[in-house]
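Heads up, the thing below is written out as structure tokens.
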Amino acid sequence: QRLKLLQSVSAAYYICLPLPSTISEPWKLMFMDSIFFLAHDLGLSRPFDIAKYAASWDEIKGPQSSPAIRVTETSFEGVQAQVFESTAADQEPHLKRGVVYFHGGGWTLGSGKMQTYYLRCWSMAEELNAVVISIEYRLAPEARFPDQYNEAVQASKHILTAEVLSRYSIDPKRVAVSGDSAGANLAAAVAQQMALDNSAPIKFKVQALLYPALQALDFNTPSYQQNGHIPILHRPLMARFWLEYLNGDPRLVTSLLANNHSTPTPSQEIAAAKAKTDWTKLLPVAFQKSYKPVFPLHGDPKLLEKLPGLLDVRAAPLLAETKVLKAVPPAYIMTCEHDVLRDDGLMYATRLEEAGVDVTVDHFEDGFHGCLSFAFGPFRFSVGFRSFRSYTRWLKENL
């Protein structure tokens, strides 16, 4: 009886949480969110367990090809991957586009074998007449920063060789790096590293970042304040993902959310990093609205000693120096109004533009975090389908 009551109360609470009227299909989104949080509230799983279980249940078992798309599993420098090859041009002399893709999931969840990513890469290969390579980097807690970053770089560097590109009939002048959420974090970091790597003569032509996570120095940007309780990426959950990635104590979530890693008298290094996340200067005024910066009264100077990755540009690409940004390829950045990470993407767009990089910002007023993952399947959202079309259209026109 008590369990049934708790279930009813929890379900009612999550389903009745008010969502902005401008968000795409709010009732469908609330229903999905309630399923995950109900399981968590009832103690049915440790953090991330239910999501990992759901992801494994949703995985495609073994490569499934068709006359139009050939799917194979392989590895690049020891990093596992799925390769989706369009067969449309097999009998034609011209080379194909190539896309190196990193899935999202907070560096902790997900797989390119999940149906949502499998269908995404399949559809991209078909629509772009491309070879899409979906990278299976290792996840936390088995791997921690910089493991995921290192695997992303080594796989990308191996792919960007004449030997590999020739094997898959990929045009070396038309290769993109892309990803969503934490995968977009890896894609941005890889784009920076590969642009600076003089030992790699073949470079990415473009980068396409879908609602990227790019910094963990400010959990009180306007989008974090506005969307802290909006599904499917709640503000505390994003802080927890960062701690998983950076191998931090989960009990530090509260400190991160309070911006306690800042101090009233920061060091020169911290002050320089904070300037690169200063949303009062980097965000268009329309997105700042009436929100105010959050500064801790005292802060915890030792927090950065416990989490040095917070200041590491390999983990937080928004912190890159301007001279690095000048070298990266043109960028497509998708942002969603109802997403805590909206401002990460918008601030990065500003910094890239200031460095002279060509940037396309594709903002969805009714979008929420992860919406492109709902372009297909039973939980298809209108904004998911529209965002996928917009993303692939940009790649078709720019790659």
Would you indicate whether the side-chain heavy atoms of [Y] and [X] approach each other to under 4.5 Å?
X      : Y      : answer
Phe102 : Val190 : yes
Tyr224 : Asp343 : no
Ser86  : Leu128 : no
Met124 : Val99  : yes
Asp339 : Ser223 : no
Ser387 : Phe364 : yes
Thr350 : Leu346 : no
Lys205 : Pro329 : no

Check against side-chain contact (heavy atoms from CB on, under 4.5 Å), Leu109 and Phe241: CA-CA 9 Å; Leu109 307 170; Phe241 277 138; 3.9 Å; yes
Looking only at side chains, do [X] and [Y] share a donor and an acceptor under 3.5 Å apart?
X      : Y      : value
Thr22  : His338 : yes
Ser178 : Tyr332 : no
Thr280 : Gln288 : no
Arg342 : Thr221 : no
Asn398 : Arg174 : no
Asn220 : Asn259 : yes
Ser390 : Asp362 : yes
Asn150 : Tyr137 : no

Pair Asp300-His261, side-chain contact (heavy atoms from CB on, under 4.5 Å): steps then yes or no: CA-CA 6 Å; Asp300 181 3; His261 39 312; over 6 Å; no
Nearest heavy atoms of [X] and [Y], plus distance in Å:
X      : Y      : value
Tyr348 : Pro317 : CE1-O, 3.8 Å
Lys203 : Met194 : NZ-O, 2.7 Å
Glu73  : Pro63  : OE2-CD, 3.6 Å
Ala239 : Leu256 : O-CD1, 4.0 Å
Pro172 : Leu95  : CD-CD1, 4.1 Å
Val324 : Gln192 : CG1-CB, 4.0 Å

Atom CD of Glu163: over 12 foreign heavy atoms under 6.0 Å: no
With hydrophobic residues grouped by side-chain heavy-atom distances under 4.5 Å, do [X] and [Y] end up in a single group?
X      : Y      : answer
Met347 : Leu233 : no
Trp242 : Val340 : yes
Val71  : Tyr117 : yes
Val357 : Leu210 : no
Leu186 : Val175 : yes

CA sep, side-chain torsions, deciding dist, call: Lys157, Gln193, side-chain contact (heavy atoms from CB on, under 4.5 Å): CA-CA 10 Å; Lys157 189 169 182 176; Gln193 175 58 30; over 6 Å; no
Donor-acceptor contact below 3.5 Å, side chain [X] vs main chain [Y]:
X      : Y      : result
Gln207 : Ala176 : no
Lys96  : Ala130 : no
Glu321 : Lys323 : no
Arg235 : Gln225 : no
Asp344 : Leu214 : yes

Straight-line distance of [X] [atom1] to [Y] [atom2], nearest 0.5 Å:
X      : Y      : atom1 : atom2 : value
Trp279 : Tyr291 : CH2   : OH    : 10.0 Å
Tyr391 : Thr360 : OH    : OG1   : 13.5 Å
Leu209 : Leu352 : CG    : CG    : 8.0 Å
Ser169 : Arg97  : OG    : CZ    : 15.0 Å
Leu307 : Leu303 : CG    : CG    : 5.5 Å
Tyr245 : Tyr149 : OH    : OH    : 9.0 Å

CA sep, side-chain torsions, deciding dist, call: Ile135, Glu151, side-chain contact (heavy atoms from CB on, under 4.5 Å): CA-CA 9 Å; Ile135 306 298; Glu151 291 185 4; over 6 Å; no
Charged N to carboxylate O under 4.0 angstrom, [X] versus [Y]?
X      : Y      : value
Glu244 : Arg144 : yes
Asp249 : Arg251 : yes
Arg120 : Asp180 : yes
Arg389 : Glu127 : yes
Asp312 : Arg314 : yes
Glu337 : Lys289 : yes

CA sep, side-chain torsions, deciding dist, call: Glu269, Lys274, salt bridge (charged side-chain N to carboxylate O under 4.0 Å, His left out): CA-CA 9 Å; Glu269 180 186 20; Lys274 289 292 288 182; over 6 Å; no
Residue pairs involving residues 174-213 (criterion ring-ring contact (aromatic ring centres under 6.0 Å, His included); sequence neighbours excluded): Tyr211-His369
Test ring-ring contact (aromatic ring centres under 6.0 Å, His included) applied to Phe287 and His363, step by step: CA-CA 11 Å; Phe287 291 102; His363 184 69; 5.1 Å; yes
Geometric class of the Phe388/Phe376 ring pair [parallel <30°, tilted 30-60°, perpendicular >60°]: perpendicular
Trace of the ring-ring contact (aromatic ring centres under 6.0 Å, His included) decision for Phe381 with Phe368: CA-CA 11 Å; Phe381 282 72; Phe368 52 90; 5.1 Å; yes
By side chain to side chain donor-acceptor pair (under 3.5 Å) - contacts of Asn185 (at least two apart): none
Phe84/Tyr118 aromatic ring centres below 6.0 Å: yes
